[in-house]
2 protein chains.
Amino acid sequence: MPKPPTMKDVAAAAGVALKTVSRHVNGATNIDPALAARIAAAITELGYRHNLAAASIRPGRSAKVIGLVISDLANPYWSLLARSVERTLSANGYLLMTVSSEEDADRHRLLIDRLLAQRVDGLIVSPPRRDTTAWAAAAAPLLPVVAIDRPALSAPPPPAPVQDARATREDQPLSLAEPPAPSRTDDDLHTDADVDAMRRQHPPLVDTILADNAGGAQAATRELLRHGARRILFLGDSLELYTMRERHAGFLRALASAAPEGADFSVATAHTAAEAADVVTALLGTGRIDAVFAANNRASVGAVDAFTRVGARLPLIGFDDFEAATLVRPGVSVVAQDVALMGEAAAQAVLARLAGDTPPPATTTLPTRLILRGSELP
Amino acid sequence: MPKPPTMKDVAAAAGVALKTVSRHVNGATNIDPALAARIAAAITELGYRHNLAAASIRPGRSAKVIGLVISDLANPYWSLLARSVERTLSANGYLLMTVSSEEDADRHRLLIDRLLAQRVDGLIVSPPRRDTTAWAAAAAPLLPVVAIDRPALSAPPPPAPVQDARATREDQPLSLAEPPAPSRTDDDLHTDADVDAMRRQHPPLVDTILADNAGGAQAATRELLRHGARRILFLGDSLELYTMRERHAGFLRALASAAPEGADFSVATAHTAAEAADVVTALLGTGRIDAVFAANNRASVGAVDAFTRVGARLPLIGFDDFEAATLVRPGVSVVAQDVALMGEAAAQAVLARLAGDTPPPATTTLPTRLILRGSELP
DNA sequence: TTGTACGCGTTATCAG
DNA sequence: CTGATAACGCGTACAA
């Protein structure tokens with residue numbers, strides 16, 4: 001690997017000063033055409049390439065690179081988001097460094113450190129599940145930071161289990177990696193979801209792009225109730241995740257406001273589609289549930305898989321659209337987020353601050369859309 | 001945005017020389033513990049962060065960043081690959097810059113230029129469909145380059161349409177964005193696929209990681225024939241794409257070697273799942289085809305979608321596994337690539353050369369696996 | 001319009 | 001073990 005030619009080499013070959021080459025490379029117009037031609041010739045001759053890394057250390061200059069921290073590129077939700085962010089940034093001359101935290105708090109911190117060391121111009125981050133907000137507090141003064149999918153909030157302490165007449169807690173249906181979250185009702189204040197809601201009143205630490213998780217879950221649950229569901233299973237990931245708490249809260253809100261007397265519900269946790277399928281398989285035919293709200297795409301896939309394998313189904317609505325949703329019969333109804341729009345909004349928020357805007361950090365909550373395809377019916 | 005503190009600031013605050021701070025930051029051991037403590041204190045005090053971009057301009061140093069050029073992050077195939085690459089690189093201290101070329105040759109060149117200007121340490125590239133190999137020739141002398149999914153080959157000229165008794169060409173079933181590729185048989189030499197095969201004999205321009213596209217397609221086609229298929233539809237993307245040519249060649253090879261007298265086939269092109277669904281819908285029930293080989297994941301999804309909508313199905317095998325494949329009945333049989341392994345192999349190839357290895361560029365062809373789930377049956 | 005001299009934040013040399 | 005000094009590749013005052 002021969003070391004690449006520098007501006008100095010080009011200047012020497014073209015018989016001009018360094019500065020003139022610099023001008024040419026940066027597209028300045030006020031250059032003698034004769035010199036410009038000599039320089040251009042020397043550049044192609046030597047195979048010179050502008051060194052952006054070197055240029056970026058000058059004050060006021062930057063490499064035009066943005067960092068994106070998500071939890072898992074392999075999940076279609078995140079890859080769609082990453083694509084959308086990359087498109088918007090690319091159209092504005094920025095490159096994107098994407099890293100996966102895999103929901104690991106330590107790795108999350110490490111990755112952010114690395115990106116800051118790399119001197120990226122901006123950061124789009126999905127906060128980790130037990131967020132201390134330390135990363136945001138440290139990074140925000142240095143560069144534009146946007147939180148996506150979840151706000152930069154410290155995780156509230158786990159709430160105490162609560163029971164009431166209308167809310168019963170499923171015994172752990174299968175051995176799962178994590179105990180199922182306790183069921184709660186709307187009457188029960190001072191819970192994690194409520195803490196989230198309270199904090200949302202205060203100005204956010206950084207610009208934040210969210211979907212209306214609670215609203216979407218509420219609409220889906222209401223739809224299931226409308227079709228006669230009385231014992232709905234909330235099947236999702238750990239309630240340590242903000243989005244899960246929100247969707248859970250929306251679920252409960254629908255039950256509190258729209259459920260007839262005697263309605264009941266249960267909650268189960270599954271990290272993967274396979275775990276979700278196991279949960280549903282174990283419950284199918286027991287009569288303990290008569291409908292499923294799948295709180296993320298993996299849960300939806302698991303539920304459909306269980307239905308297909310067992311040869312029986314229950315009314316189902318999922319959160320997040322997924323490719324298979326239109327391929328099975330009945331089609332899977334979902335609460336769809338506009339992922340492309342979220343990515344674009346996050347990218348635009350970073351770009352706006354890079355362009356000099358300095359409004360106080362704001363939270364943008366994008367609406368979700370209930371797409372009915374038939375699976376909500378009994 | 002206050003400008004971040006530098007090593008000089010830290011040195012001043014700690015009352016030591018610049019070089020000592022540099023030593024401390026780079027983890028040198030031979031430092032007076034007292035000074036080291038003062039430096040550490042100053043670093044946390046000032047909030048100093050190592051500037052890797054600045055450090056990388058020294059000769060022999062680099063930012064430890066790799067560029068990845070793929071065609072579309074939104075396609076699960078590419079996002080899985082990107083995840084795998086990122087994992088391997090991340091484990092070795094490298095960051096990844098992922099960009100999508102969207103199969104556009106100009107954009108492809110632009111992106112590679114940009115990544116080279118950024119002085120990435122290595123490049124993992126899926127060559128564009130009409131590759132001139134100019135990018136590879138230019139980049140390969142500068143840094144480790146790996147071609148993935150397709151070799152870095154110039155595209156051969158489109159072959160002249162050929163006909164014979166056993167091969168008939170479907171009239172264009174629907175108005176598609178691109179005319180269907182001509183059908184050919186094994187007797188027909190000097191075709192694009194054959195050119196590909198010939199070039200593969202010669203040493204590749206750069207390290208290359210491929211899947212056994214032809215072998216997988218051949219196995220799938222043979223399986224369809226074994227179950228009685230006689231008029232198979234090859235449903236794929238443009239044959240300008242190397243992988244499509246390879247799969248098409250394998251398809252033809254199976255027909256040539258295993259098809260009984262009177263067997264027939266046809267070829268249709270579709271860029272999206274929707275287009276593929278339209279093609280299959282138009283052909284279903286006409287009797288012109290009695291089985292489908294879907295040459296990529298979008299074609300598979302389209303075929304399944306058509307089957308579901310029409311309420312009729314034909315034997316089907318797809319290329320590339322996809323999430324919905326196990327959720328429909330019958331399960332969709334596929335030729336599966338080990339995407340994770342391909343990504344890891346590509347990353348390891350780059351890392352090996354970065355570590356100093358300099359073997360001649362080699363091509364690694366990874367086996368594919370035929371997964372039978374029932375859809376291959378009549 | 002072009003060139004000179006210097007600084008950006010870091011690391012390497014080499015003398016103390 | 002430490003520190004002054006010179007690069008690294010590039011952009012910008014400022015002078016010519």
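A note on names: the letters A, B, ... follow the listed sequences, proteins ahead of strands, and every chain is numbered from 1.
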Would you mind reading off the distance between Q118(B) atom CD and dC10(D) atom C1', rounded to a whole angstrom? 14 Å
Side-chain polar contacts of residues 6-21 of chain B - donor-acceptor pairs under 3.5 angstrom, sequence neighbours left out - could you list them?
{"residue": "T6(B)", "atom": "OG1", "partner": "K8(B)", "partner atom": "N", "Å": "3.1"}
{"residue": "T6(B)", "atom": "OG1", "partner": "D9(B)", "partner atom": "N", "Å": "3.4"}
{"residue": "D9(B)", "atom": "OD2", "partner": "T6(B)", "partner atom": "N", "Å": "2.8"}

Test of understanding: with side chain to side chain donor-acceptor pair (under 3.5 Å), list the residues that count as partners of S100(B), not counting sequence neighbours. E86(A)
When you compare the side chains of Y242(B) and D131(B), does any donor N or O come within less than 3.5 Å of an acceptor on the partner? no
Contact list for residues 43-56 of chain A, test side-chain hydrogen bond (donor to acceptor under 3.5 Å, both in side chains), sequence neighbours left out: R49(A)-D113(B)
In whole angstrom, give the distance that lies between atom CZ of R119(A) and atom P of dC8(C). 14 Å
Residues which pass ring pair (Phe, Tyr, Trp, His ring centres under 6.0 Å) with W78(A), listed by chain and number, not counting sequence neighbours: none
Check the distance between dG3(D)'s C1' and I39(B)'s CD1 and give it to me in whole angstrom. 12 Å
Keeping to residues at least two apart or across chains, list the salt bridge (charged side-chain N to carboxylate O under 4.0 Å, His left out) pairs with something in residues 56-84 of chain B. D72(A)-R83(B), R83(A)-D72(B)
Looking only at non-hydrogen atoms, find the nearest pair between L123(B) and A139(B) and report the distance. CD2-CB, 4.3 Å
State, to the nearest 10°, the angle formed by the axis through the first five base pairs of the helix from dT1(C)-dA16(D) to dG16(C)-dC1(D) and the axis through its last five. 40°
Under the ring pair (Phe, Tyr, Trp, His ring centres under 6.0 Å) rule, collect the residues that match up with H24(B), sequence neighbours excluded. none
Kindly write out the residues that satisfy side chain to side chain donor-acceptor pair (under 3.5 Å) with D106(A), not counting sequence neighbours, or none if the list is empty. R109(A)
Any S22(A) side-chain N or O less than 4.0 Å from OP1/OP2 of dC10(D): no
What is the distance, rounded to the nearest whole Å, between atom NZ of K8(B) and atom P of dT10(C)? 10 Å
Give a yes/no on whether any side-chain N or O of H50(B) is located under 4.0 angstrom from OP1 or OP2 of dT11(C). yes
So which pairs with a foot in residues 87-114 of chain A pass ring pair (Phe, Tyr, Trp, His ring centres under 6.0 Å), sequence neighbours left out? H108(A)-W135(A)
Taking only nitrogen or oxygen atoms into account, show me every contact under 3.5 Å that the protein makes with nucleotides 1-3 of chain C, one pair per line with its distance.
{"residue": "dT2(C)", "atom": "OP1", "partner": "D32(A)", "partner atom": "N", "Å": "3.3"}
{"residue": "dT2(C)", "atom": "OP2", "partner": "D32(A)", "partner atom": "N", "Å": "3.0"}
{"residue": "dG3(C)", "atom": "OP2", "partner": "A17(A)", "partner atom": "N", "Å": "2.9"}
{"residue": "dG3(C)", "atom": "OP2", "partner": "T20(A)", "partner atom": "OG1", "Å": "2.8"}

Given atom CG of D9(B) and atom C1' of dT10(C), what is their separation to the nearest angstrom? 13 Å
Residues from residues 51-61 of chain B sitting under 4.0 Å of DNA chain D, heavy atoms only? I57(B), R58(B), P59(B)
Residues which pass side chain to side chain donor-acceptor pair (under 3.5 Å) with E344(A), listed by chain and number, not counting sequence neighbours: none
